[in-house]
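To keep things clear, I will list the structure first and then write my remarks on it.
Sequence lines set the chain letters: A, B, ... in the order given, protein chains first and strands last, and positions in each chain run from 1. The structure presented is a predicted model; accordingly, all values stated were derived computationally and were not measured.
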Amino acid sequence: MDLAFSGWAGVLILLVYGLIMLGVGLFTYLKNKNIHQSMDEYYLGGRGLGVIVLFFTLFATQYSGNTVVGYPPSAYRQGYEYLVSVPFFIMIIVAYLLFAPRLYSLGKKYQLVTPAEWFEKRYHSKSITILASLLMLYGLGNYLLEQLIAIGQGVSGLTGGTIPYQVGVVFFVIIMLIYGWLGGMRSVAYTDTMQGIALLFGVFMLLIGSIIYFGGLPTSADYMQAYSPEKLGIPDGPSVINWFSLLVLIGIGASVYPHAIQRIFSAESERTLKRSFSRMAWMPFLTAGVVFIIGIIGISAFPQLSTAESEQLVGMMASVVANQNIIFYWSMVLLFGGVIAAIVSTADSVLLTFSSIVSNDLYGNYINPKTSQYKKLLVGKLVGVVAVGILILIAWFPPGTLYQIFVLKFELLIQIAPGLILGLYWKRLHPKAVFTGMLAGTIVASLMTILGPSFLGVASGLWGLLLNVIICLIGSLMMNVSMVQENEANQLIEL
Amino acid sequence: MDKKKEPINNGKLWIGFGILLALITPWYFPESFGEVLVYGIPLWALIIIIGSILLSAFLSYVIKFHWMLEEEKEEAKKKGDN
């Protein structure tokens, strides 16, 4: 991407962001020296995140740099049909209401650290816990890979190639590993707060600049009326189905991301969690809504771009805005630095959850359950570092074949949803049905993603999820759980 | 413990969410709603935006008043600690 403000200013802002992140890590470390003895302290910030920090860390898990850079091009190409991105983010919070209230209560009661631990508690089944853990690790690993690639591209774009892709990745990964290691969830959540504020500020400045220099929505509407009226029109039949499935299915899918679930456990209190969710319910207007408007303004500002060219839309608009005056110039530098910081903040959340599953559920539960929390934590952190190292190698030397196996994320992560959510309420849910459903859903979703195009325009992962749910329901109705198991489950999920 | 409230157990709330979901899906607009523009925004999109605002408002209401599992206990404990 050719940015008018790329070069030394980009290098400077990235150094400043990097130093602030390191500072946050060091500060957290000095203030909380005891956190390396306790998984609660390290992975959940001592279950003490207050409203603001919890809100921003939830915000960082839902909105990444991709929201800012990738959504306007979609709005540019689809027009008002892409307005779905606003209610779509609200639906994620609606989906939380299906399980977060009870999961918070139970998480507190049983001191749960990871989503996989809930599976262990609920089903007492080694096979379910291990399968769920592996699914999460695999999905999170690929998610992390995607973020690492995005960091490299972002850094080389912002600095106009002054800092090459590889150096950018290594620089931010090392910083992320250091502050993550030093402060755990607290570091991650505090840096999320800083990154969130920078990103919000930058996006608003871009919106204001775009309206001033390109004209607002009426200008864009005039253009569309003349040249592409379909971008203003009401979505037709298939588009309405697509719209609806985005709202319902992906809304639920995004709410069960493991790192999102883990934040429920980190809340200081129910009131804190409620307030954070309540704020999140309004954020889509300030984020997805704002970037949607930027994309729409782009339609008249840079008409007739090809699909590939339109991917650079935000960079083009920001370059024009940055050329106007010094305030906008630095705002755009801040914005693009913020985009990279936001990608880092998504990556750090994912990595922390990755390590926690290794510490708590695999190593701590099955390999060496008797060891100290300090040791379990250390193993989780080290495995996290090794995993990042392997992912960096994959990012640099992408394999020629089987590339698809690195794409599987959402498809795998949502397969834990039936066992997680139904298990909270339905005491007769049979462990064998949960395991079979999860496995079958995973296989179907993976094969469909790797082999072929989607069916009926619905994402492959959702077909896997549907099969998964059906097996859970029918299997549990066919196989009866024993009275003892049913009573046990009843006591467990009772509030 | 009879004061506990959990959103999932309250059917009425989900009827509300259902209606709002229908409102924010563009299946019910007459053709003309794509032609009328309000400050450059097509009328149908404006109605979707209003529907989305209603959904956020309803969500805030439900979160505040119909989700009450631990809060009283926690707040009482907090007061006791002070």
Side-chain angles (χ1 to χ4, degrees), chain A residues 79-81 83-84 86-88 90-91 93-94 96-102 104-105 108-109 215-222 224-225 229-235 237 239-241 243-244 247-248 268-275 277-285 289 296 424-425 495, chain B residues 1 4-10 13-14 16-18 20-49 51-75 77-78:
Chain A
Y80 274 89
E81 205 178 305
L83 182 61
V84 66
V86 176
F88 155 69
I90 309 176
M91 287 302 288
I93 309 296
V94 176
Y96 271 122
L97 281 188
L98 293 172
F99 65 90
R102 187 168 294 213
Y104 171 75
S105 280
K108 193 177 157 193
K109 192 165 158 192
L217 291 175
T219 315
S220 193
D222 288 343
M224 283 187 272
Q225 266 181 328
E230 75 284 352
K231 287 184 179 161
L232 289 169
I234 302 161
S239 308
V240 171
I241 293 175
W243 177 296
F244 185 77
L247 286 186
V248 176
E268 185 186 12
S269 68
E270 187 174 271
R271 181 177 280 190
T272 311
L273 185 62
K274 284 167 60 175
R275 286 187 182 169
F277 275 146
S278 213
R279 274 162 214 199
M280 285 294 286
W282 293 98
M283 286 317 280
F285 298 102
I296 294 289
L424 285 171
Y425 304 101
L495 292 171
Chain B
M1 292 298 141
K4 288 193 168 179
K5 287 186 193 166
E6 195 176 13
I8 198 166
N9 289 325
N10 189 340
L13 298 178
W14 295 95
F17 281 122
L20 286 163
L21 179 61
L23 198 65
I24 57 170
T25 309
W27 57 278
Y28 56 92
F29 296 112
E31 207 56 42
S32 60
F33 277 42
E35 286 144 25
V36 183
L37 294 176
V38 184
Y39 291 106
I41 303 170
L43 187 55
W44 71 270
L46 195 64
I47 295 171
I48 297 280
I49 294 168
S52 303
I53 292 173
L54 289 177
L55 177 61
S56 289
F58 187 60
L59 250 178
S60 297
Y61 159 79
V62 171
I63 289 171
K64 187 154 190 194
F65 295 105
H66 292 275
W67 169 0
M68 208 71 78
L69 296 175
E70 304 287 324
E71 192 167 337
E72 288 194 353
K73 214 163 47 185
E74 286 174 345
E75 293 303 313
K77 189 165 173 272
K78 214 156 103 189

So for [X], is it side chain, backbone, both, or neither that comes closer than 4.5 Å to the heavy atoms of chain A?
| X | result |
| --- | --- |
| B:Ile53 | both |
| B:Ile63 | both |
| B:Val62 | side chain |
| B:Leu59 | side chain |
| B:Pro7 | side chain |
| B:Leu69 | both |
| B:Phe29 | both |
| B:Glu75 | side chain |

Given that the side chain runs from C-beta out, which part of [X] has a heavy atom under 4.5 Å from chain B: side chain, backbone, both or neither?
| X | value |
| --- | --- |
| A:Leu83 | side chain |
| A:Val248 | side chain |
| A:Ser220 | neither |
| A:Phe99 | neither |
| A:Tyr96 | neither |

Just verifying a value: how many Å separate [X] [atom1] and [Y] [atom2], rounded to the nearest 0.5 Å?
| X | Y | atom1 | atom2 | result |
| --- | --- | --- | --- | --- |
| B:Ile24 | A:Ile90 | CD1 | CD1 | 6.5 Å |
| A:Ile234 | B:Tyr28 | CD1 | OH | 10.0 Å |
| A:Lys274 | B:Glu70 | NZ | CD | 11.0 Å |

Work out which heavy atom in A:Tyr80 is nearest to a heavy atom in B:Gly40; give both atom names and the distance. OH-O, 3.4 Å
Tell me whether the count of non-hydrogen atoms from other residues, nucleotides or ligands lying under 6.0 Å of CZ in B:Phe17 goes above 12. yes
Any donor-acceptor pair under 3.5 Å from B:Glu6 side chain to A:Pro101 backbone: no
Can you tell me if B:Trp44 uses its side chain to pair, donor with acceptor, with the backbone of A:Leu232 under 3.5 Å? yes
Check B:Glu71, B:Glu74, B:Glu72 against A:Arg271 for a salt bridge (charged side-chain N to carboxylate O under 4.0 Å, His left out) and give me the one that passes. B:Glu71
Under the rule for side chain to side chain contact (heavy atoms under 4.5 Å, CB included), what residues qualify as partners of A:Glu81, not counting sequence neighbours? A:Gln78, A:Pro235, A:Ser239
